[in-house]
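Lettering of chains follows the sequences in order, A, B, ..., and the numbering in each one begins at 1. Quick caveat, the model's predicted, so the values are computed rather than measured.
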There are 2 protein chains.
Amino acid sequence: MSGYFGAGTRAPESELEIIMSDMPSCQFESRPRRIVIGSGGVQADFCASCSVRPTSVCSVIEPSDISRLAEVAVETIISPGRGFIEEGAPATDFFNVTSGTVKLFKALPDGRRQITGFAAPGHFLGLAVSDSYAFGAEAIDTVRVCRFSREKMGELLDDFPKLERRLLEEASNELVAAQNQMLLLGRKTARERVASFLLDQMQAGLLPGQPPPSGGRLHLPMTRGDIADYLGLTIETVSRTLSWMRAQGMIEVGKGYAITIVSTPKLEVLAAGNS
Amino acid sequence: MSGYFGAGTRAPESELEIIMSDMPSCQFESRPRRIVIGSGGVQADFCASCSVRPTSVCSVIEPSDISRLAEVAVETIISPGRGFIEEGAPATDFFNVTSGTVKLFKALPDGRRQITGFAAPGHFLGLAVSDSYAFGAEAIDTVRVCRFSREKMGELLDDFPKLERRLLEEASNELVAAQNQMLLLGRKTARERVASFLLDQMQAGLLPGQPPPSGGRLHLPMTRGDIADYLGLTIETVSRTLSWMRAQGMIEVGKGYAITIVSTPKLEVLAAGNS
DNA sequence: CTGATGGGTTGATGTAAATCAATGCGGTCA
DNA sequence: TGACCGCATTGATTTACATCAACCCATCAG
C-alpha cells in the first residue's frame, strides 16, 4: 500500500488544503479528495498567529525562528467523520491539531474497535518509531491540523533540541494517560468508567485553549458510540449509565451533546472506585 | 511523604546496593532495607561490561564517554516480591533493568490492581513528567537495576542529545504497546487476551538479551495472579483458559512457570480475534 | 409530505466471566 | 512430623454487562 500522503502528490507547503468527505460517514473507502486553496509561497505569520502554539509542542520554537516552522507546516482542514490516518499505513507525517477533536483508535479484523484517545487542539499526533501508523485517526467534528512530513520534522529536531525534549514530555504525558486508561479498562466497572470519563472531559476543558466550561457544563463532541468504544462498553450501557447518573442527581443530560455535571464530588467517589 | 530514595540518605554512587525483603510478600509496609556492598569510588568498566547496554538506552553513549555513565549509575539488587517504586511517591530516580523481571502497576483504593506492563532487562523505567510516579514497580524475581537520579539524568541529557532521542524512541515504543493493551483490555475476550499474552511473551523472549526460547518453550516468571492483573481477568479465568488451551492442543502447561506453545498458528488465529 | 437514516433511550433476555467454594500440592517453619 | 501458606486447578452459582429488539426524534433527500 502506498503512503497516505504520497510525496509525489503532495501539495506545495504552507498552502491550505482541505480534505473533503463525499459521504460524511464513510471511512477510507476512497482516498481523501484534496482541495488546495491558497496559492503557494510562505506566510511568515502563519505560525506566529497560531492559536494553539502556546500550548503545543511548537511553543518551544523561539519567535525569531517561527518562520522555520511555518516553512514545513501545511494546514489541513478535515471534515467530520473523515479519517486521515489509517492504522497500518506508512507513517509519512506528523500532525498537530489546531481546532476540533480527533478520535484515535485501533481495530480488530472483525470490526471491534477501541478508541485509545481523543485529541483536542494542541495535541501532537504520529509519535511512532515504526514506519507505519499503529493507530487510525478520524475527525469527529471539523478539524484543522498542521501537517509536518517526517523528513522535515527530522531536520527541525536536529536544529531545535528543545523540540525533542518537548516531544519526550508529550510522549510521557500520553504514557501516563494510557496507564490510567488501562486501569479503567481492566479493573473499573461501567459506572466508574463513565464517571472517570466525565471528570476527565471536565478537566480537559479547563486546560488552556478551548472555551472554559462554566457551571459544570460540558459539550462532548463525540457520539455515545465513540464513548462506548473509548470506555470498552456498548452504546446501551453508556446510555443506561448516563440515565442512572441523571436519576441519582449527579448529572443533567441535555439535548444533543450537552451534559452538565451537577455533583462533582459524587462522580469523584464513583470514579475512585466505590461501585 | 518523603522521597523513596531521599537525597540525604543516598548511598555513594557506583556502589552496589541491595534492597532486601524481610518478608517476601509484603509490599511497602516498611522502607526497603539497604545494604551497601562495594566501598565507593568509580569503576570505569562498570557500564562497559554491562550485559544489557547494547539493547538499552545506554547504547547511544559512545564507548569513550562510558565513564560518564558509570559515574551517575548505581546498581541495585532487589529481592523477589519487593516494591521499589511506589505509585504517587515523589519521582526522584530513573531505572534501567539489567536482569530479572519487574511488574509495573496501578491500583484503586480498594485494592483492585492493573498491571500495566512487565519490564525485562534493557527496559527503562520512570518516564513521567510529573514529579511523582504514576505507577508502582515491584520485582517479580531477583532484579538488578541501574539507578540514575533525576538530577544527574538531566545533566546527561544536556550532554548527550542522542540519549534524548533514544528516550523518545523508548517512550514511543511503550506508547504503541499501551495502545495494543488498551485494545486487548477494552475489546478482546478472555481467550483472545491469554492468546495475545502468550504470543507477546514469546516475542519478547526472541529479542536480544535473555535466553532465546527454543521449541516454543516459555518460562513465565509471573504468577497467575500477575497474569490476571495484566489481562484484566481473574486468576480462575486465566487458569481455566490455559486448561482449555491445553485441551485444544494449543499449549502444554508444565510444572511451575513453564508453558510450551505447541501451535503458534492456532494461538494467532485466537489472538487476532476469532473467538 | 414521506420514507430513509443516524443517533439515542429503554426493556427483555442471554452469557462470559466473576464470585464463591472445595481440593491438591509443594514449600517452610516450628 | 504436622500445621500452615501461597499458588494453582476445577466445579457450582451469580451477575454485570452484552445482545436483541422496539421505539422516539432529528435531519435530509426526493
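- For B/T237, whose side chain is taken as the heavy atoms from C-beta onward, the closest listed nucleotide among C/dT9, D/dT9, C/dA18 is C/dA18.
- The shortest side-chain heavy-atom distance between B/Y230 and B/R193 does not fall under the 4.5 Å cut-off.
- Rounded to an integer number of Å, the gap from CE of B/M245 to P of D/dT9 is 13 Å.
- As rounded to whole Å, 9 Å separates atom C1' of C/dG24 from atom NZ of B/K255.
- Between the CZ atom of B/R246 and the P atom of D/dA8 there is a distance of 14 Å, rounded to whole Å.
- Counting heavy atoms from C-beta on, the side chains of A/L267 and A/I251 come closer than 4.5 Å.
- Summarising the geometry, the separation between CD1 on B/I235 and P on D/dC7 is reported as 8 Å, rounded to the nearest angstrom.
- Rounded to whole angstrom, the span from the CG atom of B/L233 across to the C1' atom of C/dT19 amounts to 14 Å.
- With distances taken from any side-chain atom of B/T223 to the nucleotides D/dA8, C/dG7, C/dA17, the minimum falls on D/dA8.
- The base of D/dG11 lies close enough to the side chain of B/R240 for a donor and an acceptor atom to sit less than 3.5 Å apart.
- Taking only side-chain atoms of A/S239, from C-beta outward, the nucleotide of C/dA17, C/dT9, D/dT9 with the closest atom is C/dT9.
- Nearest-nucleotide assignment on DNA chain C puts the 5′-proximal partner with A/L242, out of A/R187 and A/L242.
- Distances shown here put every side-chain N or O of A/R193 at or beyond 4.0 Å from the OP1 or OP2 atom of D/dA16.
- Counting heavy atoms from C-beta on, the side chains of A/L233 and A/V194 come closer than 4.5 Å.
- Residue A/G232 is in sugar-phosphate contact alone, with no base atom involved, counting any heavy-atom pair closer than 4.0 Å across all strands shown.
- Looking at the side chain of A/V253, the nearest of the listed nucleotides D/dA8, D/dC20, C/dT9 is C/dT9.
- Using a 4.0 Å heavy-atom cutoff across all strands shown, B/T234 reaches at least one base atom of the nucleic acid.
- Distance check: A/I85 CD1 to A/F105 CZ gives 9.0 Å after rounding to the nearest 0.5 Å.
- The side chain of B/Y257 lies closest to D/dA8 when the candidates are D/dA8, C/dT9, C/dA17.
- Going from atom CG of B/L185 over to atom C1' of C/dA17 covers 15 Å, rounded to whole Å.
- Here C/dT19 presents its P atom at 9 Å from CZ of B/R112, a figure rounded to the nearest Å.
- At whole-Å resolution of the value, NZ in A/K188 and P in D/dA16 are 18 Å apart.
- The side-chain heavy atoms of A/I115 and A/M222, taken from C-beta on, include no pair separated by under 4.5 Å.
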